[in-house]
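Below is one structure, written out as structure tokens; the observations come after it.
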Amino acid sequence: MTSPDADAAWSALLALARRPGAGAIRPLFAADADRAARFTHRAGDVLLDGSRTSVSAEVLAALLDLARARDVAGFRDRMLGGAVVNPTEGRAALHAAQRGGGDPAVRDTLARMAGFVAAVHGGAILGATGARFTDVLNIGIGGSDLGPAMVARALWTPGAPMRAHYLANVDAHAWEALRARLDPARTLVLVASKTFTTQETMTNAALVRTWLVGALGEAGTGHLAALSTNLPAAAEFGIPAERVFGFADTVGGRFSLWSAIGLSLALALGWPAFESLLAGARGMDEHFAAAPLHENLPLLLALTELWHVDALGYPARAVLPYDERLARFPAHLQQLEMESLGKAVGLDGAAVGHATGPVVFGEPGTNAQHSFMQLIHQGPTPVPVDFILVANPDHPHADSHRKLLANGLAQAEALLVGKSLDQVRAEMQAAGADAARIDAIAPHRVFTGDRPSNLILVPRLTPATLGQLVALYEHKVACLGALWGINPFDQWGVELGKVLAGGTLAALEGRTVAGDAATRASIAEILRLQGRSAGAG
Ligand code: F6P
């Protein structure tokens, strides 16, 4: 901690966590009939019900003390105001400014994107054979893939202007599977890379360019556009300036879907939907900037996470969207949260000395229930859950939707209320089990309960509500960065593996021997299985 106030707030929090029953939730409901309402807050269309956690009024007060001592509001204001909040890279974090506020460069890019989308949809821009573009292929990885792919999966419907496809993995099985579904004459290709140097993306871009040229001749390169901050590299790849959509390096990859990186969405969903996505996120920005701390949704999510991770020692969190269309939302949050918060040193370079971002994972409900929920209900360590529910479906099957919601709510209730040994024994007795069987089986059927979850509810899944949800989690990440005194906007941890891959690639090509003893052994075995040997070329 960096100030006496913050140290005191942190100690007070840990003292609360050491009290017997600090993780209990049911007694909080027993003591406060209005707890559900008291711990429910709204921002725009998003409702956050934090009542099913062990954050009591007293714990919340201590958490808010910590937020004040760590000047989270000051950090927020500096971030939104364009100050350098990413000191290890010497940059501001201007993702919120991409959502169409007053920044002239952003307005200019949005206007160019809108013009391009209109020209593609209107037929002013056609493929090399004169055919209209029906499909857009986004080649990118990490933040240049996950956000747009997640949104496309969530919002695309058969009546949308174009189909969207996403190619990320350097594993060419992905490309082989995709190309079988694509017609080169009708496919527009976006090479999405902030740096335009990422090995996976540049390898895939070269494969796809070869495919275009093979089918359409050199004119096929006219199907390429670039989304990048590195304009010279895009030009070197052969993409003319008018087909390059830039953005500033102050936009982090995992925060970039609002920038030119979102072009696949504007093409596939239409410009009004893209604008509405941005407007939704802007609404959450306004809430984040103005709402009092005790009602500020991103901050409340962050404080609850800090309580779980640092005070109670829960090392993971599950994200369960009860909406199939949000199937990739957990994957987006995995990058957003773990790439941002997986840090062990503070801004001063010293070890933080406590846990930071938890492991984030998830699957859509109800699938998750038949997969990993066993561990969340009965494993020894609680795993907090974010349940994301959508009140109204966009299909006519009301019965299915009611069952979906019923399951989500029931999971949250089961985690909270649990089932005691006495209850289990009574149930088994009533079902006619004998005493020996009850003794043997009952302990296996106990649910401890008091397992925490947040419930996030939106009325309908629309571009606007999805924009709000994504921005909610982005700002939660910023709050945690401030609370933990770490930089949530760099990602040095991904670099070492990239560098070492250069050596392992040369070794797999048989050009050299590289790596530590374990890597050398693995490479030798792979080369043997490939019928080759080290140094054999
Ligand atoms: O390897 C991590 C990372 O740098 C992410 O932060 C980023 O989203 C991804 O790679 C892709 O980077 P780029 O957009 O520069 O290709």
Side-chain angles (χ1 to χ4, degrees), residues 85-86 88-95 98 109 113 136-152 166-171 174-175 189-209 224-237 239 244-265 328-343 356-357 360 470 473-474 477-478 481 486-502 504-505:
V85 289
N86 173 3
T88 61
E89 295 180 318
R91 292 174 185 160
L94 288 178
H95 45 280
Q98 306 304 304
T109 302
M113 287 167 67
V136 54
L137 169 61
N138 184 89
I139 307 174
I141 197 163
S144 298
D145 166 73
L146 287 165
M150 177 276 289
V151 175
Y166 293 87
L167 178 60
N169 200 334
V170 75
D171 181 347
W175 167 233
V189 177
L190 309 178
V191 184
S193 175
K194 179 176 170 180
T195 56
F196 228 77
T197 57
T198 302
Q199 183 193 52
E200 293 91 332
T201 300
M202 299 324 296
T203 302
N204 280 329
L207 286 181
V208 173
R209 185 174 54 187
L224 294 165
L227 322 175
S228 185
T229 59
N230 188 348
L231 308 188
E236 202 173 313
F237 190 77
I239 300 178
V244 181
F245 298 86
F247 56 103
D249 66 5
T250 46
V251 183
R254 52 197 175 272
F255 300 89
S256 65
L257 83 91
W258 324 100
S259 71
I261 292 293
L263 186 58
S264 61
L265 298 172
R328 295 295 285 162
F329 195 66
H332 178 63
L333 293 191
Q334 279 172 4
Q335 187 200 13
L336 177 65
E337 300 193 37
M338 293 203 279
E339 195 167 87
S340 299
L341 301 168
K343 313 283 166 66
T356 55
V360 179
V470 178
Y473 279 96
E474 288 183 353
V477 163
I486 59 177
N487 182 355
F489 300 118
D490 66 10
Q491 59 284 316
W492 301 99
V494 299
E495 294 306 322
L496 177 59
K498 286 186 195 173
V499 172
L500 293 183
T504 52
L505 177 60

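Order of appearance sets the numbers: ligands from 1, and atoms from 1 within every ligand. Keep in mind that this is a model prediction, so the values were computed, not measured.
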**Message:** Heavy-atom contacts with ligand 1 below 4.0 Å: which residues, ordered by chain and residue number?
**Reply:** Ile141, Gly142, Gly143, Ser144, Ser193, Lys194, Thr195, Thr198, Gly253, Gln335, Glu339, Gln491, Val494, Lys498

**Item:** side-chain contact (heavy atoms from CB on, under 4.5 Å) between Trp175 and Asn169, intermediate numbers included
**Value:** CA-CA 8 Å; Trp175 167 233; Asn169 200 334; over 6 Å; no

**Message:** When you compare the side chains of Glu89 and Trp492, does any donor N or O come within less than 3.5 Å of an acceptor on the partner?
**Reply:** no

**Request:** Could you walk me through whether Tyr473 and Phe329 pass the ring-ring contact (aromatic ring centres under 6.0 Å, His included) test, one step at a time?
**Result:** CA-CA 11 Å; Tyr473 279 96; Phe329 195 66; 5.7 Å; yes

**Prompt:** Does the Ser256 side chain pair with the main chain of Ile261, one donor and one acceptor, at a distance under 3.5 Å?
**Reply:** no

**Item:** Point-to-point distance, once rounded to the nearest 0.5 Å, from OG of Ser193 to CD1 of Ile141
**Value:** 10.0 Å

**Prompt:** Say you draw a straight line from CD1 of Ile139 to CG of Asn204; how long is it, rounded to the nearest 0.5 Å?
**Reply:** 6.0 Å

